[in-house]
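Computed from a predicted model, the values in this text were never measured in an experiment.
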Amino acid sequence: MINNTMRGKKENYHTIQEVADTLKVAYLTVYRWIQDNRIQAYKMGKQYRISDNELSRFIKSSKYKNDKKG
């Protein structure tokens, strides 16, 4: 995890592997989400970084909605 301070706020960035471990999915799954623009990442050299804010947004947007009435 990388920390970045912008305007007094601390921003954390995670590698693809850290995100995969957090969400309990494969590295390649997170990589594909980045390639499909489902999750935004910053590319630094040959590595990607995903911010805490983007990870939170992605998780909220992926929430399962059960609309069945029964």
Side-chain angles (χ1 to χ4, degrees):
M1 179 179 1
I2 297 174
N3 295 326
N4 183 23
T5 304
M6 296 176 63
R7 298 184 202 155
K9 294 181 182 178
K10 193 173 185 180
E11 182 86 38
N12 292 318
Y13 293 88
H14 307 277
T15 64
I16 291 176
Q17 188 62 58
E18 289 171 340
V19 172
D21 292 344
T22 298
L23 299 178
K24 298 187 180 2
V25 297
Y27 176 97
L28 193 54
T29 300
V30 177
Y31 180 80
R32 287 180 183 145
W33 289 339
I34 293 168
Q35 298 303 309
D36 292 342
N37 292 319
R38 292 183 63 198
I39 188 168
Q40 292 186 350
Y42 297 96
K43 189 168 186 183
M44 298 175 196
K46 293 183 178 182
Q47 298 181 359
Y48 288 94
R49 296 288 187 260
I50 300 147
S51 71
D52 275 341
N53 290 336
E54 178 60 18
L55 183 55
S56 293
R57 183 210 59 81
F58 176 75
I59 291 169
K60 288 177 186 174
S61 72
S62 300
K63 183 178 177 184
Y64 176 73
K65 297 172 188 148
N66 186 356
D67 294 334
K68 288 185 178 182
K69 294 181 181 180

Are more than 12 heavy atoms, taken from residues, nucleotides or ligands other than Gln40, located less than 6.0 Å from that residue's CD atom? no
Kindly indicate whether the side chain of Tyr13, heavy atoms from C-beta on, has any atom under 4.5 Å from the side chain of Glu11. yes
For residues 22-35, tabulate all N or O donor-acceptor pairs below 3.5 Å that involve a side-chain atom, not counting sequence neighbours.
residue	atom	partner	partner atom	Å
Thr22	OG1	Glu18	O	2.9
Gln35	NE2	Tyr48	OH	3.3

Determine the minimum heavy-atom distance between Val19 and Ile50, stating which atoms define it. CG2-CD1, 3.7 Å
State which residues pass side-chain hydrogen bond (donor to acceptor under 3.5 Å, both in side chains) with Gln17; sequence neighbours excluded, sorted by chain then number. Asp21
Residue pair Glu54 / Ile39: nearest heavy atoms and the distance that separates them: OE2-CA, 3.5 Å
Applying salt bridge (charged side-chain N to carboxylate O under 4.0 Å, His left out), which residue pairs with at least one partner in residues 37-48 are found, sequence neighbours left out? none
